[in-house]
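Have a look at the structure below, then the notes.
The shown structure was predicted, so the numbers you read here are calculated from the model rather than taken from an experiment. Just so you know, ligand 1 is whichever comes first in the structure, and atom 1 is the first atom listed for that ligand. Values reported hereafter were calculated over all heavy atoms of this structure, with side chains retained and with hydrogens, waters and symmetry mates removed.
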Amino acid sequence: MTNNLGLPVGTTLDRFIKRNQEDFPYASGELSQLLRDIALAGKILNKEINHAGLDNIIGDMGETNVQGENQQKLDVVADIRFTRALRNGGEVCAIVSEENEEIVHLNPNSKYLVAIDPLDGSSNIDVNVSIGTIFSIYRRKSPLGSAATVEDVLQSGRDQVAAGYLLYGSSTMLVYTTGNKVNGFTYEPSLGEFFLSHRNMCIPKDGEIFSINEGYYNDYEEEIKAYVLSCKERHYSARYIGSLVGDFHRNLLKGGIYLYPSTKKNPSGKLRLLYECNALAFIAEQAGGKATNGKQAILDILPETFHQRTPFLVGSPMMVDEVMENLKKVTSGK
Ligand code: AHG
Ligand code: MN
Ligand code: MN
């Protein structure tokens with residue numbers, strides 16, 4: 001018996017990756033191995049998250065990361081797990097991470113570079129709410145054999161070769177794209193395998209969920225306030241758990257919009273272009289959705305610094321278009 005991809009029912013992530021690789025006769029297998037390495041680190045981290053309350057790895061490190069934010073113990077553990085898996089796998093020349101100021105150099109003979117938010121939703125760790133990992137994979141521009149450069153890191157989201165996220169929720173999932181549709185895999189812990197569970201994920205064109213931190217309402221621009229009010233007038237549901245991966249995943253499945261706009265205090269918003277927004281924008285577009293900073297598509301932004309932030313509006317295309325229309329009217333004075 002096969003499903004509509006011609007794959008046997010119960011397709012494991014490994015088989016799916018292998019099958020996709022066979023579609024590209026000249027593929028060297030390095031990207032496939034890299035995706036497997038990320039999945040392995042995800043499994044290890046999943047185990048640690050499930051044990052966190054018992055293993056004394058919940059809570060604050062007592063230190064701040066490069067963004068000046070409090071580091072949780074699991075932020076650090078997650079960073080170590082992914083770095084180690086990618087170092088051992090050997091398919092990556094360098095990693096840039098939300099948790100590190102500088103490039104972490106790995107195998108100079110590898111052609112891929114990874115940007116990662118090892119643990120997304122840190123504020124939810126202590127309270128047993130879903131958290132995640134977000135990653136982007138780029139092909140380096142500098143020659144093989146040398147150390148990765150700043151130019152290798154500062155590529156636009158359009159240059160992503162693959163991107164994905166792990167969601168440690170009521171079940172653990174890996175969702176990724178290599179630029180040809182989006183597929184989701186659910187982890188079966190007793191077998192230690194991810195199985196294809198969500199084939200060719202497509203976001204509904206329109207939705208009735210809006211996800212924004214309304215606590216900052218007074219600090220938003222007028223057009224964002226107007227959009228939030230219009231959602232309420234239409235009796236849309238407000239859903240915001242404060243883990244971007246979780247909020248994004250729900251909206252991807254059900255239709256909706258996630259907004260982390262600029263505020264008076266933080267004109268560039270909070271979310272990081274390289275570690276969070278690019279990957280989710282790539283997935284959103286591949287699933288038929290849209291992602292913008294309010295002025296241009298997220299994927300078209302040319303990053304200037306590793307840790308730069310950007311306003312982020314992502315989700316069902318009709319909902320994103322509606323906000324954009326409002327923003328345009330205001331900018332053009334109509
Ligand atoms: P991180 O834990 O990687 O720092 O990311 C937290 C992000 C994101 O996951 C979430 O949507 C957002 O911060 C929540 O921020 P607010 O508490 O300001 O709403
Ligand atoms: Mn994050
Ligand atoms: Mn994080």
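Close contacts between ligand 1 and Leu119 involve ligand atoms 2 (O), 3 (O) [criterion: under 4.0 Å to a heavy atom]. Counting the atoms of ligand 1 from 1 in the order shown, those under 4.0 Å from a heavy atom of Tyr258 are 10 (C), 11 (O). Each of the following atoms of ligand 1 lies closer than 4.0 Å to a heavy atom of Glu98: 3 (O), 4 (O). Close contacts of ligand 1 with Tyr216, meaning ligand atoms under 4.0 Å from a residue heavy atom, involve 16 (P), 17 (O), 18 (O). Those atoms of ligand 1 with a heavy atom of Leu244 less than 4.0 angstrom away are 8 (C), 9 (O), 10 (C), 11 (O). Counting atoms of ligand 1 from 1 in the listed order, those under 4.0 Å from a heavy atom of Glu276 are 3 (O), 5 (O). Every atom of ligand 1 is numbered from 1 in the order shown, and the set under 4.0 Å from a heavy atom of Ser122 is 2 (O).
Within a 6.0 Å sphere centred on CD of Gln296, heavy atoms belonging to other residues, nucleotides or ligands number more than 12. Within 6.0 Å of CG on Asn266 lie more than 12 heavy atoms contributed by other residues, nucleotides or ligands.
Protein heavy atom closest to atom 5 (O) of ligand 1, with residue, atom name and distance, is Asp120 OD1, 3.2 Å. Ranking the protein heavy atoms by distance from atom 3 (O) of ligand 1 puts Asp117 OD2, 3.0 Å first. Among protein heavy atoms, the minimum distance from atom 10 (C) of ligand 1 is reached at Gly242 O, 3.2 Å. The shortest contact between atom 1 (P) of ligand 1 and any protein heavy atom is with Gly121 N, 3.7 Å. Nearest protein heavy-atom contact of atom 18 (O) of ligand 1 is Tyr260 OH, 2.6 Å. With hydrogens left out, the protein atom closest to atom 13 (O) of ligand 1 is Lys270 NZ, 2.9 Å, a heavy atom. At the shortest separation from atom 4 (O) of ligand 1 among protein heavy atoms lies Arg272 NH2, 3.2 Å. The nearest heavy-atom contact from the protein to atom 14 (C) of ligand 1 is Tyr240 OH, 3.3 Å.
Between the side chains of Ser262 and Glu221, at least one donor-acceptor pair of N or O atoms lies under 3.5 Å. Residues Glu193 and Thr12 have side chains that never bring a donor and an acceptor to within less than 3.5 angstrom of each other. In this model, a donor atom of one side chain and an acceptor atom of the other lie less than 3.5 Å apart for Glu188 and Ser190. Asp75 and Ser122 are linked by a side-chain donor-acceptor pair at a separation below 3.5 angstrom, with hydrogens and angles left out of the test. At a cut-off of 3.5 Å, with distance as the only test, no side-chain donor of Ser316 or Asp206 sits close to an acceptor on the other residue. Of the N and O atoms on the side chains of Ser243 and Asp120, not one donor lies less than 3.5 Å from an acceptor on the other residue. Side-chain atoms of Asp37 and Asn88 form no donor-acceptor pair, as typed in the model, at a separation below 3.5 Å. For the residue pair Glu91 / Ser110, no side-chain donor-acceptor distance below 3.5 Å is found, with atom types taken as modelled. Between the side chains of Tyr168 and Thr133, a donor-acceptor pair is found at a separation under 3.5 Å.
When you scan the N, O or S atoms of Asp117 for the one nearest the Mn ion (ligand 2), you land on OD2. Shortest distance from the Mn ion (ligand 3) to Glu98 is reached at OE2 (N/O/S atoms only). Nearest N/O/S atom of Asp120 with respect to the Mn ion (ligand 2) is recorded as OD1.
For residue Glu276, an N/O/S atom approaches the Mn ion (ligand 2) to within less than 2.8 Å. In summary, an N, O or S atom of Leu119 is located under 2.8 Å from the Mn ion (ligand 3).
Under the 4.0 Å criterion applied to side-chain N and carboxylate O atoms, Asp60 and Lys73 are not assigned as salt-bridge partners.
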